[in-house]
There are 2 protein chains.
Amino acid sequence: MSTRKTSSASRVVTIGDVARAAQVSTTTVSKVINGLPRVGAETRQRVLEVVAELGYQVNPTARNLRAGRTDAIGLLVPELDRPYFGQLATRLANALEPTGRQLVVQRSGVSRADELAAASFARLRMYDGVIISVVGLNPSDLEQLNFQTPVVLVGERPLPRTFDHVMMDNVEGAATATAHLLERGSRRIVMLGGRDGTTEQDMPTLRTLGYYKAHARLGVPLDARLVAAVLPMDMATGYAAVRSLVDAGVTFDGIVAVTDVVAIGALRALADLGIRVPAEVQVVGFDNIDETEFSTPRLTTIDPGNEQIAGTVLQFLETRMAEHSAGLPRTSSKPTAEVTIPARLVIRESTRRA
Amino acid sequence: MSTRKTSSASRVVTIGDVARAAQVSTTTVSKVINGLPRVGAETRQRVLEVVAELGYQVNPTARNLRAGRTDAIGLLVPELDRPYFGQLATRLANALEPTGRQLVVQRSGVSRADELAAASFARLRMYDGVIISVVGLNPSDLEQLNFQTPVVLVGERPLPRTFDHVMMDNVEGAATATAHLLERGSRRIVMLGGRDGTTEQDMPTLRTLGYYKAHARLGVPLDARLVAAVLPMDMATGYAAVRSLVDAGVTFDGIVAVTDVVAIGALRALADLGIRVPAEVQVVGFDNIDETEFSTPRLTTIDPGNEQIAGTVLQFLETRMAEHSAGLPRTSSKPTAEVTIPARLVIRESTRRA
DNA sequence: TTGAAAGCGCTAACAC
DNA sequence: GTGTTAGCGCTTTCAA
């Protein structure tokens, strides 16, 4: 028995309503709607008229349930307003467009209540494939995810090896950035947004590790006071952190920022303090977001291989989706792939010439 | 007869599988999953065990079809990598969070093939409510949209009055920005990203209109060469447009940029050209994105009332959704609301002190 | 406390 | 060329 609220007015018009009004079966209407053959020309005509008249539109939920497909790919990002993720989403959406699939973006929301997070994860099953940015995501959440849907992870390194994973080379990238400053003469380099001593393999920790490595390789001593936390990692906190450092009397002649966004906050702080970049302090970011070409000065940064990341993610996902639709279980297929994309230094104006 | 590919291996586990394994009915499993009462403690226990063992997860598509709800709100934006939309999305997602609904973002993709655009629109019916940013959207597309789902429009002014609509005050905002430069001494002001002579009421045209208005009010003459097109509207094109202007020998002492992003490109170009801001050229943007506080110099801009826009959009949407779920037809309810949020000048460093 | 059964709106075998 | 019918996976009366 139906539970539908048959309440008075305007029900949404269904394929059945169209069929009735056009005096044909729902099958025929379905064929017309989907442009399938085997329908008489004038029947098609009549159906089309009724569709227009009644303003019928197909119910995508019902269609999806029936078809077992949605032709949509989900992207889960920690925040919707971070340039890096917007730019990643755009790359993915562009690449997906020719395949006729839609990219749909959701926020995982680091701060979310468990209940909501769960609901948000459950929704992901609606997509034919899912791309998850693991930044700030709890690895154990991920582990208990137990997905039927094809999934590719993108970002740093989580513990479980249950999914295909495209990683940035956080450690070597940060080491390259740090070495660049060291080679150009900096000796007291701030790790802005650095994280320390945790066993967690999250992004700030890994990048901090690269910072240490570069110092070790070049035999430059470290000062623990130069590792400054920045939370959340945005422009305002990057700005504030630099000011605190200066207020606290910490001296430095270089900054490795954990992300470009944090670096841009830092640049602004240095300008306010009348500290010249790169003459007095060199600054390097990480991510190579578009904004780095337009800051003053233009920001030297690490390109984690953005184009290649997007391409590889999609390639992995295609493979998994093909397996999936062939009815193969996840486990039967080849073991999960894990690729690290090489990072590349992009020298602009915030560091000195050699 | 089922069409499912009963192919060899791992089918996705359904509620029926759980029921069978736990020796109960699907009804009971459903109740357990949804935490409903009227289930024996040990039955519940057993079901839960089976759920865990089989790794069952509910199929949200099926649930949605049955429930007639998705608990998700769709947001359609022209691009995923524009700060303004990322920041709008974040505001909306934050406000939605307490209501237990998820925001889901899709790109309308101005450049998209019709077919894809249609599919993208069809998908919107999956949401309980839809927020559409009409920037760059064809009004006729919108008109033939014929939506059953509650919709609120946000942005500039389209022709059809078929939906609730929250508008920025593009004209007065741009007039305020322009007047500000005029009052601070600029006399030859570039309208960067301006659009002219069209009958279209799109965002660039409306903002250009405001630019004209301010000149008229203050009795300052116009020069057609100062209205410079910028397409697409991003940092790179803003940058290029300023350089072209200078290369073409056009002189100017102020810039009203159609968006903050374009203004940031302009700032970079001026820096490269050795033109001092605000001493030689004053610059004002539009949107009040977060980045304006961190550019060098900080950007004076127009705040279109971002917080209020998000709040009003959601308020309209709630109302429509309530009507909708009460079974009322769109037409029976009060006429569509149309609100213009007042714009506000935010003075920073890219314009001179009075 | 539990289950049988209907049906959300759609599509695809299959028969005619 | 057209219709009959089953059923995608789930929730919800209603009866037991």
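Letters A, B, ... mirror the listed sequences (proteins, then strands); counts begin at 1.
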Helical bend (five base pairs per end, nearest 10°) for the helix from dT1(C)-dA16(D) to dC16(C)-dG1(D) | 40°

Considering only distance and modelled atom types, tabulate donor-acceptor pairs under 3.5 Å from the side chains of residues 38-54 of chain A, sequence neighbours left out.
from   : atom 1 : to     : atom 2 : distance (Å)
R44(A) : NH2    : L36(A) : O      : 2.8
Q45(A) : NE2    : E49(A) : OE2    : 3.2
R46(A) : NH1    : A22(A) : O      : 2.3

Partners passing side chain to side chain donor-acceptor pair (under 3.5 Å) against Y127(A) (at least two apart in sequence or in another chain) | Q106(A), R123(A)

Measure the distance from CG on N64(A) to P on dT11(C) and round it to the nearest whole Å.
-> 10 Å

Between dC8(C) atom P and R125(B) atom CZ, what is the distance in whole Å?
-> 14 Å

Pairs satisfying salt bridge (Lys or Arg N to Asp or Glu O under 4.0 Å), at least one member in residues 126-135 of chain A, at least two apart | none

Results of salt bridge (charged side-chain N to carboxylate O under 4.0 Å, His left out) for D71(B) - residues two or more places apart only = R69(B)

So which pairs with a foot in residues 14-27 of chain B pass salt bridge (Lys or Arg N to Asp or Glu O under 4.0 Å), sequence neighbours left out?
-> R11(B)-D17(B), D17(B)-R20(B)

In chain order, what residues pass the side chain to side chain donor-acceptor pair (under 3.5 Å) check against R63(A), with sequence neighbours excluded?
-> N34(A)

Partners passing side chain to side chain donor-acceptor pair (under 3.5 Å) against E318(A) (at least two apart in sequence or in another chain) = R101(A)

Length of the line joining L65(B):CG and dG7(C):C1', which is rounded to integer Å | 9 Å

With sequence neighbours left out, what residues match N59(A) under side chain to side chain donor-acceptor pair (under 3.5 Å)?
-> none

Check DNA chain C against residues 35-49 of chain A and give the residues with a non-hydrogen atom under 4.0 Å, in numerical order.
-> none

Between atom CD1 in I33(A) and atom P in dC10(C), what is the gap in whole Å?
-> 7 Å

In whole angstroms, the gap separating C1' of dC8(C) from CE of M126(B) amounts to 15 Å

Strictly below 4.0 Å, heavy-atom distances to any atom of DNA chain C: list the hits from residues 13-25 of chain A, or just say none.
-> T14(A), I15(A)

Whole-Å distance separating the OH atom of Y56(A) from the P atom of dG9(C) = 10 Å

Determine whether the side chains of T27(A) and S30(A) contain a donor N or O and an acceptor N or O closer than 3.5 Å.
-> no

Among T61(B), N64(B), L65(B), whose side chain to side chain contact (heavy atoms under 4.5 Å, CB included) with T70(B) holds?
-> N64(B)

R66(A) side chain, from C-beta outward: closest of dA6(D), dG3(D), dC10(D) | dA6(D)

K31(A) or T28(B), whichever maps to the more 5' nucleotide of DNA chain D = K31(A)

What residues, two or more places apart in sequence or in another chain, satisfy salt bridge (charged side-chain N to carboxylate O under 4.0 Å, His left out) together with D202(A)?
-> R195(A)

Classify the nucleic acid contact of N34(B) as base, sugar-phosphate or nothing, counting any heavy atom under 4.0 Å across all strands shown.
-> sugar-phosphate

Picking from dA4(C), dG9(C), dC10(C), the nucleotide nearest the side-chain atoms of T27(B) would be dA4(C)

Is any side-chain N or O of R63(B) closer than 4.0 Å to OP1 or OP2 of dT11(D)?
-> yes

